[in-house]
*Asks:* 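Starting off with a structure, shown below.
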Amino acid sequence: MSTLNKITVLPGDGIGPEVIDQAVKIIEAISEKFNHKIEMCYADIGAAAIDKTGHPLPETTQAACLECDAVLLGAIGDPKYDHDPSIKVRPEQGLLALRKLLKMYANVRPIKAYDSLLDLSPLKKEKIQGVDFVIYRELTGGIYFGKKGLKQGGKKAFDTCVYSKKEIKRIAIPAFEAAQKRRKKLTLVDKANVMETSRLWRSVVQELASKYQDVEVDYLYVDNAAMQVILNPSRFDVILCSNMFGDIISDESSVIAGSIGLLPSSSFGKKHCMFEPVHGSYPQAAGTDRANPIATILSAAMMFEHFDMNEESNAIKAAVNRCVAERILTEDLNPRIQTSCSELGDIIYALINDDLVDFNSKKMDIAKSVII
Ligand code: IPM
Ligand code: MN
């Protein structure tokens, strides 16, 4: 594995630049604390890139992402593209093209319920307490990337879902390995009662299961899994699924944590890796300093972990955990307390620098701003 010397930062759209600013601040704090020299260079993607160049993933961005050690991404998407189905160039194409270009077939999305936030989830406390699972989502295949198009002059449209054994195996193996290091349980989420591709997933996973005998494997249809994530989330340890099922299950699972603004992710292939929050560009909040930076900051923690820089990663996680435990939160989780995106970034920064004076004074400010 390479060392982490150079990061390409892609702020993207909506709240992307704001949450990225906080994560960059935290990476700088870590670099200082642990004496690393990490270069960060910025490039455009998504609607921001279309506005400047006409392309959602300009060549300069492609080159910057191919030659760095890791990519850190904010968010993609702009409502001006959402309501016109005839538009040919869309921001999301930039992200999909980047995942494909960097051959990042695995996407890892940890889900956990924080004790201090249990009452902020709409789900019952006793159902979500202690929930801790991780989704392994296939990221460069399936219906996202199959042949698609319009027929009969636009009267018909089609998307195709294609998977090869090889594509399934290369995401299933890291999922099994993760299960071995965790509670040794893997659930394949599919639709094998209907889809041929899902039956191929089952056969590949069954074959692999005999090699990972310490891992207990079970299989759930995605419709049932969607229900179990809400009814009985503590049954899950590692969830393995195709591209689209993983997309859907991960947003749904964010309800357990209390906000999608808390969920980080890492993506990797054989060579490249990228770190991005699970949430979207939240255009309604763009430019208002209200977004939750934690998902992006924790994505930076996953980046350090990916490079075996565990102390660095743990320092970030400890600072975030402290804020979460003391309920220093942005408005998505606590509308009564007005901690802004950048303030929360500053507090996490201070905690990483062991600046408890700064931390405590911010806490006092926040306590004073609570409307009773
Ligand atoms: C995600 C997003 C993307 C996806 C969109 C923006 C293309 O929803 O990363 O979960 O569907 O993969
Ligand atoms: Mn999604």
Side-chain angles (χ1 to χ4, degrees), residues 10-17 19-20 23 44-50 55-57 61 65 71-83 85 87-111 134-146 148 159 161 163 167 171 189 222 225-226 229 239-257 259-269 272-286 291-292 295-296 298-299 302-303 332:
L10 307 176
D13 306 323
I15 55 158
V19 292
I20 278 290
D44 295 314
I45 191 169
I50 300 175
H55 298 283
L57 187 69
T61 304
C65 292
V71 177
L72 182 71
L73 180 114
I76 297 277
D78 188 307
K80 70 183 176 209
Y81 298 92
D82 289 345
H83 304 296
I87 288 183
K88 292 273 177 296
V89 180
R90 320 181 69 83
E92 289 78 4
Q93 290 162 346
L95 178 56
L96 299 180
L98 181 59
R99 289 171 178 171
K100 199 74 176 177
L101 176 75
L102 301 186
K103 300 187 172 66
M104 295 179 298
Y105 51 78
N107 179 224
V108 181
R109 299 182 160 186
I111 310 289
V134 58
I135 299 169
Y136 273 68
R137 170 190 178 195
E138 199 289 325
L139 204 61
T140 49
I143 201 160
Y144 271 56
F145 291 94
K148 60 184 79 216
D159 295 278
C161 183
Y163 269 114
E167 285 175 304
I171 170 82
V189 168
V222 63
V229 158
I239 293 181
L240 170 63
C241 47
S242 65
N243 202 342
M244 187 173 228
F245 294 159
D247 180 44
I248 298 168
I249 292 285
S250 55
D251 268 37
E252 191 196 9
S253 303
S254 74
V255 181
I256 294 166
S259 167
I260 198 165
L262 293 169
L263 301 193
S265 89
S266 75
S267 305
F268 60 86
H272 301 283
C273 56
M274 176 160 92
F275 303 86
E276 56 171 317
V278 171
H279 63 69
S281 60
Y282 191 18
Q284 307 89 316
N292 190 341
T296 316
L298 288 178
S299 299
M302 289 185 88
M303 175 179 71
D332 50 323

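Computation of the quantities below employed the complete heavy-atom set of this structure, encompassing side-chain atoms and omitting hydrogens, waters and symmetry-equivalent molecules. Counting convention: from 1, in listed order, for ligands and their atoms alike.
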*Asks:* Enumerate the residue pairs fulfilling side-chain hydrogen bond (donor to acceptor under 3.5 Å, both in side chains) with a member in residues 244-256, sequence neighbours excluded, ordered by first and then second residue.
*Replies:* R109-S250, Y144-D247
*Asks:* What does the N/O contact table under 3.5 Å look like for ligand 1?
*Replies:*
{"from": "ligand 1", "atom 1": "8 (O)", "to": "D247", "atom 2": "OD1", "distance (Å)": "3.3"}
{"from": "ligand 1", "atom 1": "9 (O)", "to": "R99", "atom 2": "NH2", "distance (Å)": "2.7"}
{"from": "ligand 1", "atom 1": "9 (O)", "to": "R109", "atom 2": "NH2", "distance (Å)": "2.9"}
{"from": "ligand 1", "atom 1": "10 (O)", "to": "R109", "atom 2": "NH1", "distance (Å)": "3.3"}
{"from": "ligand 1", "atom 1": "10 (O)", "to": "R109", "atom 2": "NH2", "distance (Å)": "3.0"}
{"from": "ligand 1", "atom 1": "10 (O)", "to": "R137", "atom 2": "NH1", "distance (Å)": "3.4"}
{"from": "ligand 1", "atom 1": "10 (O)", "to": "D247", "atom 2": "OD1", "distance (Å)": "2.9"}
{"from": "ligand 1", "atom 1": "11 (O)", "to": "Y144", "atom 2": "OH", "distance (Å)": "2.5"}
{"from": "ligand 1", "atom 1": "12 (O)", "to": "R99", "atom 2": "NH1", "distance (Å)": "2.7"}
{"from": "ligand 1", "atom 1": "12 (O)", "to": "R137", "atom 2": "NH1", "distance (Å)": "3.3"}
{"from": "ligand 1", "atom 1": "12 (O)", "to": "R137", "atom 2": "NH2", "distance (Å)": "2.8"}

*Asks:* Measure across A47 and D78 and return the closest heavy-atom pair with its distance rounded to 0.1 Å.
*Replies:*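 Where A47 meets D78 most closely, the heavy atoms are CB-CB, 3.6 Å.
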*Asks:* About how many Å separate CG of N292 and OH of Y282, when rounded to the nearest 0.5 Å?
*Replies:*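 So the OH of Y282 and the CG of N292 are separated by 10.0 Å.
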*Asks:* Rounded to the nearest 0.5 Å, how far apart are CG of L73 and CZ of F275?
*Replies:* 12.0 Å
*Asks:* Would you please say whether a donor-acceptor pair under 3.5 Å links the side chains of S259 and D332?
*Replies:* yes
*Asks:* Mind checking how many protein N/O/S atoms fall short of 2.8 Å from the Mn ion (ligand 2)?
*Replies:*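 Number of qualifying protein atoms: 1.
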*Asks:* Considering non-hydrogen atoms only, spot the tightest contact between A23 and T296 and give its length.
*Replies:*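 Minimum heavy-atom separation between A23 and T296: CB-CG2, 3.7 Å.
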*Asks:* Donor-acceptor pairs are to be reported for all side-chain atoms of residues 95-103 against protein atoms at under 3.5 Å, with residues two or more places apart or in another chain.
*Replies:*
{"from": "R99", "atom 1": "NH2", "to": "E276", "atom 2": "OE2", "distance (Å)": "3.2"}
{"from": "K100", "atom 1": "NZ", "to": "T140", "atom 2": "O", "distance (Å)": "2.7"}

*Asks:* Say you draw a straight line from CZ of R137 to SG of C241; how long is it, rounded to the nearest 0.5 Å?
*Replies:*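 These two atoms lie 8.0 Å from each other.
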*Asks:* For F145 and L139, which heavy atoms make the closest approach, and how far apart are they?
*Replies:* CE1-O, 3.4 Å
